[in-house]
Amino acid sequence: MKHIVILISGEGSNMAAIVRAAEQQRWAERFGASVAAVIANKPEAGGLRFARDRGIAAEAVSHKAFATREAFDAALAAAVDAHSPALVVLAGFMRILTPVFVRRYAGRLLNIHPSLLPAFPGLDTHRRAIEAGCRVAGATVHQVTVELDHGPILDQAIVPVLPGDTAEGLAARVLTQEHLLYSRAIERWLHEGAGDTDSS
Ligand code: GAR
């Protein structure tokens with residue numbers, strides 16, 4: 001079985017959408033793949049309960065327990081490796097990862113970012129898109145490389161910016177599309193037998 005490990009920081013709505021897609025699209029039968037674990041860097045992350053309720057291993061590795069980014073990433077990698085992952089999925093994981101962590105999972109580490117990369121890497125993407133006068137916004141699934149929000153793009157979803165849009169309103173509409181986009185991108189990754197590509 002190809003194990004998918006999902007890393008979250010908060011609500012985990014993308015994670016939940018991926019778990020549901022895995023069930024509904026029968027990833028176990030079609031690709032021999034399953035969501036093996038959900039790991040959060042915050043013990044209070046809402047998504048942990050959703051995972052536990054579904055019988056998925058769920059745990060927190062609190063970044064606050066570690067003095068350095070390197071020490072946290074080493075503990076996180078140990079928690080991830082305990083599930084022998086074929087694919088590691090960042091789904092609203094709001095910590096910058098060290099190059100050592102990123103290289104460890106090169107070619108099998110995906111992220112979703114709430115903008116049409118390469119536009120608006122970093123935080124506060126929706127406000128910045130509105131202030132820049134963009135007519136379209138969206139989300140991007142990409143491979144994670146050492147440079148933040150810059151890895152090879154797997155897929156994107158486009159969402160119109162409406163007159164009078166607020167960052168919150170736009171974010172909500174983009175998030176709905178993220179749920180479809182991420183599941184679709186992972187399914188394609190599994191279908192194409194990816195993991196052989198090394199993006200480091
Ligand atoms: C999503 O919009 C995701 O794209 C974004 O955080 C949200 C998490 O929502 N990620 C980033 O900004 C990463 N830089 P979720 O916890 O409900 O999936």
Contact summary for Ala75 and Phe66, nearest pair of heavy atoms:
CB-CZ, 3.3 Å

What closest approach, in Å, do Ala57 and His83 show between heavy atoms, and which atom pair accounts for it?
CB-CE1, 3.8 Å

Common cluster, Val19/Ile112, ILVMFWY with side-chain heavy-atom separation under 4.5 Å:
yes

Check whether any side-chain heavy atom of Val136 sits under 4.5 Å from a side-chain heavy atom of Val159, and report yes or no.
no

Dump the intermediate steps for side chain to side chain contact (heavy atoms under 4.5 Å, CB included) on Trp27 and Ile18, then the final yes or no.
CA-CA 10 Å; Trp27 288 359; Ile18 293 164; 3.9 Å; yes

If I compare all heavy atoms of Thr98 with all of Arg69, which pair ends up nearest, and what's the gap?
CG2-CG, 4.0 Å

Could you tell me whether the side chain of Ile39 reaches within less than 4.5 Å of the side chain of Val80, counting heavy atoms only?
yes

Distance (rounded to the nearest 0.5 Å) between Met15 CE and Tyr182 OH
12.5 Å

State, with a plain yes or no, whether a side-chain heavy atom of Arg30 is found less than 4.5 Å away from one of Glu187.
yes

Once you round to the nearest 0.5 Å, how far does NE2 of His150 lie from NE2 of His113?
10.0 Å

As a quick check of understanding, evaluate side chain to side chain contact (heavy atoms under 4.5 Å, CB included) for Trp189 and Arg108, giving each step before the final call.
CA-CA 9 Å; Trp189 191 95; Arg108 54 189 173 119; 4.1 Å; yes

Separation between CD (Gln177) and CD (Gln156), nearest 0.5 Å, reads 13.0 Å

Nearest heavy-atom pair of Ser115 and Ala119: which atoms, and what distance?
OG-O, 2.6 Å

Smallest heavy-atom separation, Met1 atom then Ala28 atom, equals CE-CB, 4.1 Å

Contact between Leu48 and Val38 at the side-chain level, heavy atoms closer than 4.5 Å - yes or no?
yes

Give, for atom CG of Leu170 and atom CG of Asp165, the distance between the pair rounded to the nearest 0.5 Å.
5.0 Å

Counting neighbours of NZ on Lys42 that are heavy atoms of other residues, nucleotides or ligands and sit closer than 6.0 Å, is the number greater than 12?
no

Just checking, any donor-acceptor pair under 3.5 angstrom between side chains of Tyr105 and Asp81?
yes

Value for CD1 (Ile6) from CD1 (Ile56), rounded to nearest 0.5 Å, stands at 7.0 Å

State, yes or no, whether a side-chain contact exists between Asn41 and Ile8 at a heavy-atom distance under 4.5 Å.
no

Walk me through it: do Arg188 and Asp155 pass the test side chain to side chain contact (heavy atoms under 4.5 Å, CB included)?
CA-CA 10 Å; Arg188 190 178 311 142; Asp155 205 355; 3.4 Å; yes

Is there a side-chain contact between Leu87 and His3 (heavy atoms, below 4.5 Å)?
no

Can a donor-acceptor pair be found, under 3.5 Å and without considering hydrogens, that links the side chain of Arg128 to the backbone of Pro121?
yes

Using the rule that Ile, Leu, Val, Met, Phe, Trp and Tyr join whenever any side-chain heavy atoms are under 4.5 Å apart, tell me whether Ile4 and Leu181 fall into a single cluster.
yes

Assigning hydrophobic clusters by single linkage (Ile, Leu, Val, Met, Phe, Trp, Tyr; side-chain heavy-atom cutoff under 4.5 Å), is Phe120 placed with Ile130?
no

State, to 0.1 Å, how close Ile153 and Leu117 come at their nearest heavy-atom pair, and which atoms those are.
CD1-O, 3.6 Å

Taking the side chain from Arg104 and the backbone from Pro99, do they hold a donor-acceptor pair closer than 3.5 Å?
no

Is the backbone of Ala36 close enough, under 3.5 Å, to the side chain of Ser34 for a donor and an acceptor to pair up by distance?
no

Under 4.5 Å between side-chain heavy atoms, counting indirect links through other Ile/Leu/Val/Met/Phe/Trp/Tyr residues: same cluster for Val141 and Val174 or not?
no

Under the 3.5 angstrom rule, does the side chain of Thr125 hit a backbone N or O of Pro114 as a donor-acceptor pair?
yes

Look at atom CZ of Arg49 and say whether more than 12 heavy atoms of other residues, nucleotides or ligands are closer to it than 6.0 Å.
no

Transitively linked via ILVMFWY side-chain contacts under 4.5 Å: Leu154 with Phe31?
yes

His142 vs Leu110 side-chain heavy atoms within contact, under 4.5 Å
no

Rounded distance [0.5 Å steps], NE2 in His179 versus OG in Ser13:
3.0 Å

Could you tell me if the side chain of Leu97 sits less than 4.5 Å from the side chain of Leu76, heavy atoms only?
yes

With under 30° as parallel and over 60° as perpendicular, where do the rings of Phe93 and Phe72 fit, or are they tilted in between?
parallel

